[in-house]
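One structure below.
Bear in mind that the values here come from a model prediction, so they are computed numbers and not experimental data. In listed order, ligands and their atoms are each counted from 1.
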Amino acid sequence: MSDRRRNLFAVGKTAYVKRLENRAEGECILCAIADGESEIPQLDVARSDLFVITLNLYPYNPGHIMLFPARHVEDVRDYNDAEWSEFRRLEDAALDVLTEVYEPKGFNIGYNIGPASGASIPHLHLHIVPRYPNEVGVMDILSGSRVIVEDPNITRERLSDAFARRLG
Ligand SMILES: [Zn+2]
């Protein structure tokens, strides 16, 4: 390896280690996903300029997804007009896609905002949870006691394809 290549490698490694140290200090994981950082497992099923749609990190039902702004926002009241407009479009698309792929009998949709809400990540994210007959209650879902029933890789593939068709 030439000196030049060795130096480039050394610079890259230092930057990578720094990034890990920043993560340990509380770097926002949703900002990292929005930035497409490669060390994060691929969870996204759709993207626009302003929003990302991913599988939930810990899905409780097939098709449990999160819709969140690429910008670090912690409260819905901080959305600007462009974000509200895009949010409406993507929320509709998400419901259409989940209905097409999973044919649920309902949805629970909501935010956890603020430290007393049970939010594990401050970066604002809308949970969209498809519901099926003969299930446990929503509080069981929000408290994380459900067990996943579909391989997340399969969920991701099915939803990515459906979002690509829906959003064009
Ligand atoms: Zn963030």
Exercise. Vertex the Zn ion (ligand 1): angle to SG of Cys31 and SG of Cys28, to 10°?
Worked result: 120°
Exercise. Using 30° and 60° as the class limits, which term best fits the ring planes of His127 and His64: parallel, tilted or perpendicular?
Worked result: tilted
Exercise. Of all N, O or S atoms in His123, which has the smallest distance to the Zn ion (ligand 1)?
Worked result: ND1
Problem set entry | Tyr102/Phe107 aromatic ring centres below 6.0 Å | no
For this session: With the Zn ion (ligand 1) as the reference point, give the N/O/S atom of His72 that is nearest.
Result: ND1
Exercise. In terms of side-chain geometry, is the basic nitrogen of Glu91 or Arg88 positioned less than 4.0 Å from the acidic oxygen of its partner?
Worked result: no
Exercise. Would you find a donor on one side and an acceptor on the other, under 3.5 Å apart, between the side chain of Arg131 and the backbone of Pro104?
Worked result: no
